[in-house]
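Got a structure for you, written out below as structure tokens; questions coming shortly.
Every chain is numbered from 1, with letters handed out A, B, ... down the list of sequences.
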Amino acid sequence: MATSPRVPTVTPSAAHLASIRAPLLAWYDRNKRDLPWRRTKDPYAIWLSEVMLQQTQVSTVIPYWERFLKRFPTALALASAPLDDVLAGWKGLGYYTRARNLHRAAQDIVSRFGGTLPSTAEQLLSLPGFGRYTAGAVASIAFGEEAPLVDGNVARVLSRLFEVEGLPGDREREATLWELAGLLVKGERPGDFNQSLMEHGATTCRPENPLCLLCPVREGCVAFKKGRVAELPPAKVRAAPKKLTLALAVWAHADTLLFARRADSGLFGGLWELPAAEVDEDATVEETTLRLTAALGTGVKLESLLGTVKRQLTHRDLTLRMYRVSGPKRPTHSAAFQELRWCTPAEAATLGMSTAMQRALDTVVGTQA
DNA sequence: TAAACGTGGAG
DNA sequence: TCTCCAAGTTT
């Protein structure tokens with residue numbers, strides 16, 4: 001099948017590339033932040049940092065990274081741990097599929113690579129949770145491969161430096177950015193260079209109010225030259241969050257409450273919760289009773305509304321309604337959940353649980369006290 | 001391919 | 001309070 005040659009949007013000269021690479025690397029050596037994962041050469045620890053940093057801010061990640069590494073110090077330790085423990089270690093970080101993929105990848109690393117991470121981007125790409133970015137990051141930073149990477153920072157920096165047009169997600173734009181990143185990474189210290197690009201984007205070439213006066217590569221920046229820094233790259237269009245209302249069953253027995261583990265896929269996949277059923281925003285008590293009865297597989301009676309928790313997720317406008325419920329027969333399993341368990345709030349605190357659910361739990365436990 | 005997937009920090 | 005978003009991947 002013939003493929004038409006793609007016309008490059010930009011064709012930077014060797015001089016232009018050189019005017020960026022060396023100054024940026026030198027700037028990085030002088031200005032890089034002292035981050036804990038920059039003090040290690042352990043590929044596993046570096047991989048962990050890259051996964052945690054996906055869509056997550058540095059300051060949030062630091063304590064998680066240190067705690068997780070103590071609990072699961074090697075790929076082998078992680079592979080051997082129960083998924084439940086891994087999710088508990090990820091508790092509160094969000095995007096929980098990352099934790100499940102991390103766990104699966106560790107098991108692949110043990111079974112396919114003898115417990116040691118493979119060293120090339122191409123091999124890493126075959127592991128769960130490794131996309132193009134993470135493969136390039138681990139290959140270059142941990143193993144010194146001249147593998148490019150493009151994250152949000154790099155996309156912004158390169159868009160400005162080379163005046164790359166197009167909206168985030170545009171195919172041709174993405175191809176151009178990866179091509180530029182691939183040209184720039186060739187040379188000494190590819191891992192440090194990749195990090196310099198990201199560090200520059202995070203601290204200087206920021207989305208809003210970039211510090212162009214402090215920029216080490218201002219001379220080579222087409223957007224700066226043309227006064228287009230503020231308009232490149234264009235902001236991404238974001239879909240309005242959809243409403244999701246969940247009725248939560250607060251079923252008390254002795255000093256325990258009923259908890260359920262969600263299905264592995266979808267929102268809060270694999271996490272524990274007060275048993276939840278989706279309801280209409282304006283659902284009646286009868287409708288809510290039916291939904292919770294169906295979810296638990298046994299008849300329940302709604303005693304009272306104990307409270308409501310609202311959370312804003314990126315794509316969801318989440319409302320949690322906590323209902324005290326009772327019933328003639330206490331369930332121990334249900335088709336709607338992977339597992340049911342009666343445990344005390346203290347025991348529940350050690351389970352993998354979303355922050356949203358933790359808030360709901362704190363609310364009802366406070367209500368009962 | 002567009003949509004789904006969490007959270008807390010910053011302005 | 002509210003909007004935007006931060007070192008992306010998966011389906």
Taking the side chain from A:Arg156 and the backbone from A:Cys205, do they hold a donor-acceptor pair closer than 3.5 Å? yes
A:Lys310 NZ to B:dG6 P, in whole Å, measures 19 Å
Relative to each other, are the rings of A:Trp47 and A:Tyr44 parallel, tilted or perpendicular (30° and 60° limits)? perpendicular
Calculate the interatomic distance between A:Arg316 atom CZ and B:dT7 atom P; express it in whole Å. 14 Å
Would A:Asn194 and A:Ser140 count as having a side-chain donor-acceptor pair, cut-off 3.5 Å? yes
Residues in residues 233-246 of chain A with a heavy atom under 4.0 Å of DNA chain B, by number, are A:Lys242
Within the distance-only criterion (no hydrogens, no angle test), does the side chain of A:His315 pair as donor or acceptor with the backbone N or O of A:Ala240 below 3.5 angstrom? no
Starting from P on B:dA4, measure out to OH on A:Tyr96 and report it in whole angstrom. 19 Å
Look at A:Glu231 together with A:Arg228 and state whether they make a salt bridge at an N to O cut-off of under 4.0 Å. yes
How would you label the contact of A:Leu35 with the nucleic acid (heavy atoms, under 4.0 Å): base, sugar-phosphate, or nothing? base
Return a table of donor-acceptor pairs under 3.5 angstrom between the side chains of residues 302-314 of chain A and protein atoms on other chains or two or more places apart.
| unit_1 | atom_1 | unit_2 | atom_2 | d |
| --- | --- | --- | --- | --- |
| A:Glu303 | OE2 | A:Ser326 | OG | 2.4 |
| A:Lys310 | NZ | A:Thr319 | OG1 | 3.1 |

Tabulate protein N/O versus nucleotide N/O from nucleotides 8-11 of chain B, keeping only pairs under 3.5 Å, one per line.
| unit_1 | atom_1 | unit_2 | atom_2 | d |
| --- | --- | --- | --- | --- |
| B:dG8 | OP2 | A:Arg311 | NH2 | 3.1 |
| B:dG9 | O4' | A:Gln57 | OE1 | 2.8 |

Contact class for A:Gly266 (heavy atom, under 4.0 Å): base, sugar-phosphate, or nothing? sugar-phosphate
Base, sugar-phosphate, or nothing for A:Arg262, non-hydrogen atoms under 4.0 angstrom? nothing
What integer distance in Å separates A:Leu318:CG from B:dA4:C1'? 14 Å
For nucleotides 9-11 of chain C, print each protein N/O atom paired with a nucleotide N/O atom at under 3.5 Å, atom names and distance only.
| unit_1 | atom_1 | unit_2 | atom_2 | d |
| --- | --- | --- | --- | --- |
| C:dT9 | OP1 | A:Gly131 | N | 2.8 |
| C:dT9 | OP1 | A:Gly131 | O | 3.3 |
| C:dT9 | OP1 | A:Thr134 | N | 3.0 |
| C:dT9 | OP1 | A:Thr134 | OG1 | 2.7 |
| C:dT9 | OP2 | A:Tyr133 | N | 3.4 |
| C:dT10 | OP1 | A:Gly129 | N | 2.5 |

Identify all side-chain donor-acceptor contacts of residues 105-118 of chain A below 3.5 Å with residues at least two apart in sequence or on another chain.
| unit_1 | atom_1 | unit_2 | atom_2 | d |
| --- | --- | --- | --- | --- |
| A:Gln107 | NE2 | A:Ala79 | O | 3.2 |
| A:Ser111 | OG | A:Gln107 | O | 3.1 |
| A:Ser111 | OG | A:Asp108 | O | 3.3 |
| A:Arg112 | NH2 | A:Ser126 | OG | 3.1 |

Closest non-hydrogen atom pair, A:Lys91 against A:Gln358: NZ-OE1, 3.1 Å
In terms of heavy-atom contacts, does CZ of A:Arg39 have more than 12 from other residues, nucleotides or ligands at under 6.0 Å? no
Is there a residue in residues 39-51 of chain A whose heavy atoms reach under 4.0 Å of DNA chain B, and which residues are they? none
Do A:Thr314 and B:dG6 share a donor-acceptor pair, side chain to base, under 3.5 Å? yes
Please give, in whole Å, the distance from B:dT7 C1' to A:Leu53 CG? 14 Å
Quick one: side chain to side chain contact (heavy atoms under 4.5 Å, CB included) partners of A:Ala142, sequence neighbours excluded? A:Pro43, A:Ile46, A:Val138
Check every strand shown and say whether A:Ser354 touches a base, only sugar-phosphate, or nothing at a heavy-atom separation below 4.0 Å. sugar-phosphate
Please compare A:His315 and A:Gly169 by the position of their nearest nucleotide in DNA chain B and report the one closer to 5'. A:Gly169
Close approaches to DNA chain B from residues 139-147 of chain A, in residue order (heavy atom, under 4.0 Å): none
Rounded to whole Å, please give me the gap between CD in A:Glu174 and P in B:dT1. 11 Å
So which of residues 70-87 of chain A are in contact with DNA chain B, with a heavy-atom cut-off of under 4.0 Å? none
Salt bridge check, A:Lys32 against A:Glu199: does any charged N sit closer than 4.0 Å to a carboxylate O? no
Rounded to whole angstrom units, what separation is found between the CD atom of A:Glu172 and the P atom of B:dT1? 13 Å
Would you tell me whether A:Gln338 and A:Asp264 have side-chain atoms, one donor and one acceptor, within less than 3.5 Å of each other? yes
Sidechain-backbone polar pair: A:Trp65 side chain, A:Ala45 backbone, donor-acceptor under 3.5 Å: yes
Using modelled atom types and a 3.5 Å cut-off, is there a donor and acceptor pairing between side-chain atoms of A:Arg324 and backbone atoms of A:Ala249? no
Which part of the nucleic acid, if any, lies within reach of A:Trp90 when heavy atoms closer than 4.0 Å are counted: base, sugar-phosphate only, or nothing? nothing
Which part of the nucleic acid, if any, lies within contact of A:Leu93, taking any heavy atom under 4.0 Å across all strands shown: a base, the sugar-phosphate backbone alone, or nothing? base
Distance, rounded to the nearest Å, where A:Leu313 contributes CG and C:dT3 contributes C1': 15 Å
Determine yes or no for a side-chain-to-main-chain donor-acceptor pair under 3.5 angstrom, with A:Arg98 supplying the side chain and A:Met52 the backbone. yes
Atom P, compared across C:dT11 and B:dG6: separation rounded to whole Å: 13 Å
For a quick test of your reading: what N or O donor-acceptor pairs under 3.5 Å do the side chains of residues 182-192 of chain A make, sequence neighbours left out?
| unit_1 | atom_1 | unit_2 | atom_2 | d |
| --- | --- | --- | --- | --- |
| A:Arg189 | NE | A:Asp192 | OD2 | 3.1 |
| A:Arg189 | NH1 | A:Asp29 | OD2 | 3.1 |
| A:Arg189 | NH2 | A:Asp29 | OD1 | 2.6 |
| A:Arg189 | NH2 | A:Asp29 | OD2 | 3.3 |
| A:Arg189 | NH2 | A:Asp192 | OD2 | 3.0 |

A:Thr134 side, atom OG1; A:Leu124 side, atom CG - distance, nearest 0.5 Å: 9.5 Å
Return each pair, listed once, that meets ring-ring contact (aromatic ring centres under 6.0 Å, His included) where at least one residue sits in residues 160-219 of chain A; pairs must be two or more places apart or across chains. A:His16-A:Phe162, A:Trp27-A:His200
Nucleic acid contacts - residues 267-283 of chain A versus DNA chain C, non-hydrogen atoms under 4.0 Å: none
Looking across every strand, which nucleic acid part, if any, lies under 4.0 Å from A:Arg100 by heavy atom: base, sugar-phosphate, or nothing? nothing
Salt bridge or not for A:Glu273 and A:Arg262, using N-O below 4.0 Å? yes
Are the side chain of A:Thr350 and the backbone of A:Glu347 linked by a donor-acceptor contact shorter than 3.5 Å? yes
Looking at A:Glu278, is its backbone amide N or carbonyl O close enough to the side chain of A:Arg291 to form a donor-acceptor pair, meaning the two atoms are under 3.5 Å apart? yes
Under the 3.5 angstrom rule, does the side chain of A:Arg206 hit a backbone N or O of A:Gly201 as a donor-acceptor pair? no
